[in-house]
Amino acid sequence: MTTVTVERPRRANGHVPPPPPPTGGGDGPDREPGPRRPLLDNVRLAMLFLICGEVMFFGGLVSAFLVLRVTAAQWPPPLQPRLPVGVTGVNTLVLLASSVAMAAASAALVQRDPGTLVRRLLLAGGLGAAFLLVQGYEWIRLVGYGLTVGSGAYGTTFYTVIGTHAAHVVAAVVWVGVTAWLAACGRFVDGQTGALRACAIYWHFVVALWPILYVAVYLV
Amino acid sequence: MTSDTRNRQTLRLLLTIVGALIVAAFLIGIRW
């Protein structure tokens, strides 16, 4: 077996300079990710697959809602309750705050601080649960005012679009709860953080989706 | 080929498919 050695020119003092550090790759297709080019690992790719599917799914729902909304003679229909814009607006801020808490949890993960990580995960999950509680309360009030799934296109589209998002928030809250429990068991201290990063990506997606739905359903 | 490069190729394919579906949906919507 032969090894190839590259001769480096000696300095004036006779020493051979050390080899240059790895640069992170050249411009070829096999280059390593540079500092400004985040690594696209399997976890991120899998979550992007999921998010692309979700985007198309919600795109279809919102498109159907807007088609029915535009073609309706009057919206909301007569004798149907108005949607709670103010309370839901405040609730939107609660959900956005949960995304900040999740970002802080990711920062705690980088700093290898498991205690803070668990606390911030629980805070994010708690804010998500608060969002769901307020949504549920508003739904009960709307049903009391007569807005049900059978109340024509108005009720059907509202409960379908908002309910589908609420189901996603429920899934995200459960996921964060399980992730926080794993973190409390010391799961992510060994650097294997794929499950937590996937959870954070999903959480940010669910939160980012809500303002779009809020504007489309409540404000337009 | 590194995992990162392979994943980026897959992502490009995914975005191409999603883009084609969005264009197709738009065209069908215009027809509708």
Side-chain angles (χ1 to χ4, degrees), chain A residues 22-72 153 157 161 191-195 197-198 201-202 204-205 208-209 212 216 220, chain B:
Chain A
T23 59
D27 293 325
D30 291 342
R31 65 189 173 187
E32 293 292 323
R36 291 184 181 179
R37 191 167 173 264
L39 181 71
L40 184 62
D41 57 7
N42 292 347
V43 171
R44 282 188 180 155
L45 182 66
M47 292 311 295
L48 284 172
F49 263 82
L50 177 67
I51 286 172
C52 280
E54 296 277 21
V55 165
M56 288 192 286
F57 176 65
F58 277 98
L61 281 180
V62 171
S63 300
F65 170 78
L66 291 177
V67 166
L68 291 168
R69 164 84 174 79
V70 169
T71 54
T157 52
V161 175
Q192 301 223 346
T193 58
R197 287 187 295 121
I201 292 171
Y202 184 71
H204 290 308
F205 165 72
L209 184 63
I212 299 169
V220 172
Chain B
M1 182 181 286
T2 63
S3 167
D4 178 67
T5 309
R6 204 168 47 242
N7 286 349
R8 284 180 191 279
Q9 286 180 351
T10 309
L11 180 62
R12 264 195 294 274
L13 178 65
L14 172 68
L15 293 178
T16 304
I17 293 170
V18 171
L21 286 172
I22 289 173
V23 171
F26 178 70
L27 293 175
I28 291 170
I30 287 177
R31 174 73 178 79
W32 177 82

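Letters go in sequence order (proteins before strands), and every chain restarts at 1.
- Here the CG atom belonging to A:Leu45 is positioned 11.5 Å from the CD atom belonging to B:Gln9, to the nearest 0.5 angstrom.
- Residue B:Leu21 touches chain A through its side chain alone, counting heavy-atom pairs closer than 4.5 Å.
- B:Asn7 and A:Asn42 are linked by a side-chain donor-acceptor pair at a separation below 3.5 angstrom, with hydrogens and angles left out of the test.
- Rounded to the nearest 0.5 Å, atoms CZ (B:Arg8) and CG (A:Leu39) are 7.5 Å apart.
- For a residue to count as touching a neighbouring chain, one of its non-hydrogen atoms must lie under 4.5 Å from one of that chain's; by this rule B:Leu11 touches chain A with backbone and side chain alike.
- Within the 4.5 angstrom heavy-atom criterion, only side-chain atoms of B:Leu15, from C-beta onward, approach chain A.
- Of the atoms belonging to A:Leu48, heavy atoms from both backbone and side chain fall under 4.5 Å from chain B.
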